Amino acid sequence: MNASLGLAHFWAQGDAVSHTVALALLLMSVWSWTVMLGKVWAHWRVRHTVRVAAPAFWAAPSREAALTALRAEDASGVFAGLAQEAEQAARAYEQQRAGGGIGAGVDASEFIGRSLQQALTHAQARLESGLTFLASVGATAPFVGLFGTVWGIYHALIGLSGASRMSIDQVAGPVGEALVMTAAGLFVAIPAVLAYNACTRANRLTLAHLDGFAHGLHALLAAGVRVTPNARA
């Protein structure tokens, strides 16, 4: 193998277009791995909340103590935010009912249920942040790498067009270096696709736990019934 051929040689012989494509793939890779690591950390915190914080909430003797225990143990803030929204809705309903006037006859179950539904929507949007970027990287990175390959081959052939004599080594070296761009595109896309699928499944499980927690909150705040949901992760 000719020692003069390699990634460094390809970079040195490349033009502004090939450099831009390579940098774009590098940025896409760095950003997608940043999102993936952040999602792993966030999912671990949610699992910790399901296992520790939710049981602590239901074991508390009062609503105030339950919220305090949940805030202390919920590192993700997802369950604590949901409980906080529900508690604020319950207090607003109690104040409105005590004061009378318009809205005093609104059903507590419906009022708290609407607030919980809005809080669940916000929690879902928070959990799904970054997934669109991972899906976009998984869909576009192979084509970006393919474009870099085509452009690199074109650039290499243009550089060899003026040579009076050519051998297979003169053609295979630049073409092989250009094909590295296709491999780079796949290297960026495959982890992003796998991470997107894993995060989607993890979010479904998290939303199922949140939905159960919300039903328990609704029963507690609207009817005073303590229904402890299943806390298994």
Side-chain angles (χ1 to χ4, degrees), residues 30-95 108-138 191-233:
V30 171
W31 195 354
S32 61
W33 275 101
T34 301
V35 173
M36 285 185 278
L37 292 177
K39 288 296 180 182
V40 169
W41 175 243
H43 179 57
W44 181 87
R45 291 188 298 178
V46 169
R47 287 178 62 89
H48 174 77
T49 300
V50 172
R51 292 178 177 176
V52 178
F57 175 87
W58 295 113
S62 64
R63 282 160 51 175
E64 292 75 13
L67 285 173
T68 302
L70 186 60
R71 292 193 196 100
E73 296 291 345
D74 184 11
S76 66
V78 178
F79 286 79
L82 184 66
Q84 184 66 36
E85 289 285 342
E87 177 66 18
Q88 290 177 355
R91 290 183 179 178
Y93 175 81
E94 291 171 357
Q95 293 174 359
S109 178
E110 181 180 357
F111 184 81
I112 297 175
R114 288 180 181 271
S115 299
L116 282 171
Q117 186 60 45
Q118 292 178 357
L120 282 173
T121 301
H122 295 158
Q124 182 177 1
R126 179 180 174 182
L127 290 172
E128 293 178 352
S129 64
L131 293 185
T132 301
F133 175 76
L134 291 179
S136 300
V137 169
V193 172
L194 294 177
Y196 174 82
N197 293 333
C199 289
T200 301
R201 179 181 181 277
N203 285 347
R204 285 201 301 266
L205 294 176
T206 300
L207 289 173
H209 288 299
L210 274 174
D211 189 63
F213 185 69
H215 277 85
L217 282 174
H218 184 269
L220 176 64
L221 298 176
V225 179
R226 187 179 292 269
V227 180
T228 305
N230 189 359
R232 292 182 180 179

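Bear in mind the structure is a predicted one, so any value in this text is a computation, not a measurement. The first residue of the sequence shown is numbered 1, and numbering continues consecutively from there.
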With His122 via ring pair (Phe, Tyr, Trp, His ring centres under 6.0 Å) - residues at least two apart: none
Those residues that, when tested against Ala208, pass side-chain contact (heavy atoms from CB on, under 4.5 Å) (two or more places apart): none
Nearest non-hydrogen partners of Ala56 and Ala69, listed with the distance: O-CB, 4.1 Å
Can I get a per-line list of side-chain donor-acceptor pairs under 3.5 Å for residues 114-121, giving both atom names and the distance, sequence neighbours left out?
| from | atom 1 | to | atom 2 | distance (Å) |
| --- | --- | --- | --- | --- |
| Arg114 | NE | Glu110 | OE2 | 3.4 |
| Arg114 | NH2 | Glu110 | OE2 | 3.2 |
| Ser115 | OG | Phe111 | O | 3.3 |
| Thr121 | OG1 | Gln117 | O | 2.9 |

Atom pair OG1/CZ of Thr49 and Phe213 - distance to nearest 0.5 Å: 10.0 Å
Which atom of Val193 lies closest to which atom of Gly138, heavy atoms considered: CG2-CA, 3.6 Å
Qualifying salt bridge (charged side-chain N to carboxylate O under 4.0 Å, His left out) pairs, either residue in residues 73-89, two or more places apart: Arg63-Glu87, Glu87-Arg91
With Glu128 via side chain to side chain donor-acceptor pair (under 3.5 Å) - residues at least two apart: Gln124
Considering all heavy atoms, the nearest Cys199-Leu131 contact: CB-CD2, 3.4 Å
Qualifying residues under side chain to side chain donor-acceptor pair (under 3.5 Å), relative to Arg71, sequence neighbours excluded: Gln84
Closest contact, heavy atoms only, Ala192 versus Val137: CB-CG1, 3.8 Å
Any residue meeting ring pair (Phe, Tyr, Trp, His ring centres under 6.0 Å) with Tyr196, in chain and number order, not counting sequence neighbours: none
Separation of Leu217 CG from Trp58 CH2 (nearest 0.5 Å): 5.0 Å
Side chain proximity check, Leu205 to Val50, heavy atoms < 4.5 angstrom: no
Ala59: side-chain contact (heavy atoms from CB on, under 4.5 Å) partners, not counting sequence neighbours: none
Sub-4.5 Å side-chain heavy-atom contact between Phe79 and Phe57: no
Run the side-chain donor-acceptor check on residues 35-46: report pairs under 3.5 Å with partners two or more places apart or on a different chain.
| from | atom 1 | to | atom 2 | distance (Å) |
| --- | --- | --- | --- | --- |
| Lys39 | NZ | Leu127 | O | 2.7 |
| Lys39 | NZ | Ser129 | O | 2.5 |
| Arg45 | NH1 | Ala75 | O | 3.4 |

His215 to Asp211 - nearest heavy-atom pair and separation: ND1-O, 2.7 Å
Smallest separation among heavy atoms of Trp33 and Pro191, with atom names: CZ2-CB, 3.9 Å
